[in-house]
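Worksheet: one structure, shown below.
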Amino acid sequence: MNRRNAVKLFAVVAYSLLSQSAVAANWFKSQGISPLNAPLFNVSGFVEPSIYLMHGTAAVDPAARLNDIPNINLVPPNNRQSSIFIIPRARLILRGNLNYHISYFFGGEVGNAAFTNIRGNYTPGLIDGHATFSYVHGTRLEVGLIRAPGPEGAMQGFMAYNYVITPTVIGQLMQQTFYDSDVTYNPGNPYLISGKDTLGVNAFRYPGVQVMDWFRFGHWELAYGAMAGMYGSVAAGNQSSNPLYAARVQGSYVFAGKGPFRSDITAWLWYQHARPNLNGQSYAMTRDGMGFQYLYGYMHPWGRRLRFEYIQGSGWISAPASFNSTSRLAPALTRAQVYPGSDNKASGYDVEAGFFLSKHIEADIRYDYYDRLPNNPAQERIFKTWALGLQYHITPLTKVMAGYYFRTLVVPNQPNPLANSIASAVDNEFAMQAMLAF
């Protein structure tokens, strides 16, 4: 292979990888369409070796005979250690163009995270698998296992993430865990569900059909996506007797550049609705939100980023288990809690800013807030986190991230000694991760 062909091949592979990591620029295009010059078959991927460090402070309540480390101070998905080296994501990707009008994308996940944790066992699986048909202008059709239109924090590819740890509102309200609907659970509010009945998380993706496209008018761009699908996954199967619906619309003003890291300002609105089944009943689960992002000068000195996003949910609201299953505590503390009633509410937001000190070094700051179940005073919990981050961008495809997370859990309604013991034990957290693409 001569030098010119080698450079050309590298450019194709690089653009293909970047296309997985869309930001607000235009995730519709980046997630669904391979570049026109992509070959029939293109293999790529990435791996994310990570370090998480916490003190492992125990929650202590003598009246409840409690002296255990809560899950919030343990590293998922196994919740056994407070400090650990782990590879949460490692992905092999095959994508390309069958012809001028048809693109395809398949991704297999072998990392150790909630997506590959099925009934408490490590289970690698297919995380992406879709084809996009671009025959009709204005209505591109995407079919398969795809990211549902939703918040920016759920739509970004991992190479566009600026922090190792996602905001709590994204992790708890959008990264939905699937529960085995064929199991009969003891009736209650909440339902208590053990780890052996959990079927992984959605990874923000569902099987379905989506129509989407984007339109440019000079510096202005309008994009939309609307999806009908199945509430489930390859590992979980169908966990609802009703379809899932999701939609998003966004408008952008493009200052310069192209691709996922172009300089622009973008605002968006989105909506999702599903009806998961549990104990033979169908329960409403609604999520919606809005946000905006300003991005200018990626990997340039004085480059900057500002983003705000608000998310709210109603109906089906879940809360992860407070302690791991190896403790001797009551099921209400060691099992996930699902509150399925239509009156349930949750909401949150995050605001973040980033600034390139040089071409390679970026400093970041973020605040995120999540208020879970304000309609239920005894169960309301408020999560607040300040994050300070530093990134070293080697290339747009490879970087190292480090962050320190100042975490607070508030129990607003008193007295609640047991919940207070957990809240007072919450550790701050340090996390460091390398994003290595190939």
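- One N or O on the side chain of Asn416 and one on the backbone of Ala419 form a donor-acceptor pair closer than 3.5 Å.
- Closest approach of Pro77 and Ala114 over heavy atoms only: CB-N, 4.0 Å.
- Within a 6.0 Å sphere centred on CE of Met230, heavy atoms belonging to other residues, nucleotides or ligands number more than 12.
- For Tyr185 and Tyr179, the gap between ring centers reaches or exceeds 6.0 Å.
- When all heavy atoms of Ser325 and Arg80 are compared, the pair lying nearest together is OG-NH2, 4.2 Å.
- Here the closest non-hydrogen pair linking Ala425 and Ala58 is CB-O, 3.6 Å.
- Minimum interatomic distance between Asn67 and Val60 (heavy atoms only, all atoms of both residues): OD1-CG2, 3.5 Å.
- For Arg140 and Trp214, the positive end sits near the middle of the six-membered ring, less than 6.0 Å away and at most 45° from its axis.
- Asn376 and Asn344 are not linked by any side-chain donor-acceptor pair at a separation below 3.5 angstrom, with hydrogens and angles left out of the test.
- Residues Met54 and Arg407 have side chains in contact (heavy-atom distance under 4.5 Å, counting atoms from C-beta outward).
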Next on the checklist: Quick one, Arg366 with Asp368, criterion salt bridge (Lys or Arg N to Asp or Glu O under 4.0 Å). Give me CA distance, side-chain angles, the key distance, then yes/no.
Outcome noted: CA-CA 7 Å; Arg366 185 184 73 194; Asp368 67 83; 3.7 Å; yes

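- Under the 4.5 Å side-chain criterion, counting only non-hydrogen atoms from C-beta, Ser263 is not in contact with Tyr298.
- The aromatic rings of Tyr283 and Tyr191 lie perpendicular to each other, with more than 60° between the two planes, well past the 30° mark.
- In this structure, Asp61 contributes its side chain and Leu66 its backbone to no donor-acceptor pair below 3.5 Å.
- With no hydrogens or angles considered, a side-chain donor-acceptor pair links Asn242 and Ser282 at under 3.5 Å.
- For the residue pair Gln312 and Ser347, no side-chain donor N or O sits within less than 3.5 Å of a side-chain acceptor on the partner.
- Rounding to the nearest 0.5 Å gives a distance of 7.5 Å between CG of Leu418 and OG of Ser322.
- Met212 and Gly225 get closest at one heavy-atom pair: CB-CA, 3.8 Å.
- Put simply, CD1 on Ile84 and CG on Asn78 are 7.0 Å apart, with the number rounded to the nearest 0.5 Å.
- Between the side chain of Thr132 and the main chain of Ser103, no donor-acceptor pair closer than 3.5 Å is present.
- With salt bridges taken as basic N to acidic carboxylate O contacts below 4.0 Å, one links Arg328 and Asp68.
- Defined by atom type and a distance below 3.5 Å, a donor-acceptor pair is missing between the side-chain atoms of Tyr52 and Glu429.
- A heavy-atom distance below 4.5 Å is found between the side chains of Ile361 and Leu390.
- Lys399 is linked by a side chain to side chain donor-acceptor pair (under 3.5 Å) to Gln391, counting only residues two or more places apart in sequence or in another chain.
- Between the CG atom in Asp128 and the CG atom in Leu94 there is a gap of 12.0 Å [rounded to 0.5 Å].
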Verdict with supporting geometry, Asp180 and Arg119, salt bridge (Lys or Arg N to Asp or Glu O under 4.0 Å): CA-CA 9 Å; Asp180 192 345; Arg119 300 188 188 278; 2.7 Å; yes

Would Thr266 and Gln293 count as a side-chain hydrogen bond (donor to acceptor under 3.5 Å, both in side chains) if you check the C-alpha gap in whole Å, the side-chain angles of each, and the deciding distance to 0.1 Å? CA-CA 5 Å; Thr266 297; Gln293 177 171 279; over 6 Å; no

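- Asn238 meets the side chain to side chain donor-acceptor pair (under 3.5 Å) test with no other residue; sequence neighbours excluded.
- With Ser424 contributing its side chain and Ser421 its backbone, the two residues share a donor-acceptor pair below 3.5 Å.
- A donor-acceptor pair is defined here as one N or O able to donate and one able to accept, closer than 3.5 Å; no such pair exists between the side chain of Glu142 and the backbone of Val211.
- Between atom CD of residue Gln156 and atom CZ of residue Phe204 there is a gap of 10.0 Å, rounded to the nearest 0.5 Å.
- Using a 4.5 Å heavy-atom cutoff, the side chains of Arg381 and Leu409 are in contact.
- In summary, Glu380 and Lys345 do not engage in a salt bridge, as defined by a charged side-chain N under 4.0 Å from a carboxylate O.
- Counting only heavy atoms from C-beta outward, the side chains of Asp264 and Tyr296 never approach each other to under 4.5 Å.
- A heavy-atom distance below 4.5 Å is found between the side chains of Arg305 and Glu362.
- Sorted by first then second residue, the ring pair (Phe, Tyr, Trp, His ring centres under 6.0 Å) pairs that include residues 406-434, not counting sequence neighbours, are Tyr404-Phe406.
- With a 4.5 Å cut-off on side-chain heavy atoms, Ile69 and Thr57 do not count as touching.
- Going from atom OG1 of Thr168 over to atom CD1 of Ile382 covers 12.5 Å, rounded to the nearest 0.5 Å.
- No donor-acceptor pair closer than 3.5 Å links the side chain of Gln176 to the backbone N or O of Leu173.
- For the ring pair (Phe, Tyr, Trp, His ring centres under 6.0 Å) test with Tyr349, the passing option among Tyr370, Phe383, Tyr310, Tyr369 is Tyr369; the others fail.
- Listed for the Thr286 side chain is no donor-acceptor partner under 3.5 Å among the backbone atoms of His273.
- With hydrogens and angles ignored, the 3.5 Å screen pairs no side-chain donor or acceptor of Glu48 with any backbone N or O of Met435.
- Scanning all heavy atoms of the two residues, the minimum distance from Thr398 to Ala437 falls at OG1-N, 3.9 Å.
- We find that Arg205 and Glu109 are not joined by a salt bridge, their nearest charged nitrogen and carboxylate oxygen being 4.0 Å or further apart.
- Between His219 and Tyr253, a ring centre-to-centre spacing shorter than 6.0 Å is recorded.
- With hydrogens and angles disregarded, a donor-acceptor distance shorter than 3.5 Å links the side chain of Gln337 to the backbone of Ala332.
- For the residue pair Glu309 and Trp268, a side-chain donor N or O sits within less than 3.5 Å of a side-chain acceptor on the partner.
- Ring geometry, Phe215 versus Tyr224: the interplanar angle falls under 30°, so the pair is classed parallel (tilted spans 30 to 60°).
- Judged purely by atom type and a 3.5 angstrom limit, Glu352 has no side-chain atom pairing as donor or acceptor with the backbone of Phe308.
- Taking 4.5 Å as the limit, some side-chain heavy atom of Val254 sits within range of a side-chain heavy atom of Arg262.
- Aromatic ring pairs are classed by plane angle as parallel below 30°, tilted from 30° to 60° and perpendicular above 60°; the pair His130 and Phe105 is parallel.
- You'll find the ring centres of Tyr271 and Tyr245 outside the 6.0 Å limit.
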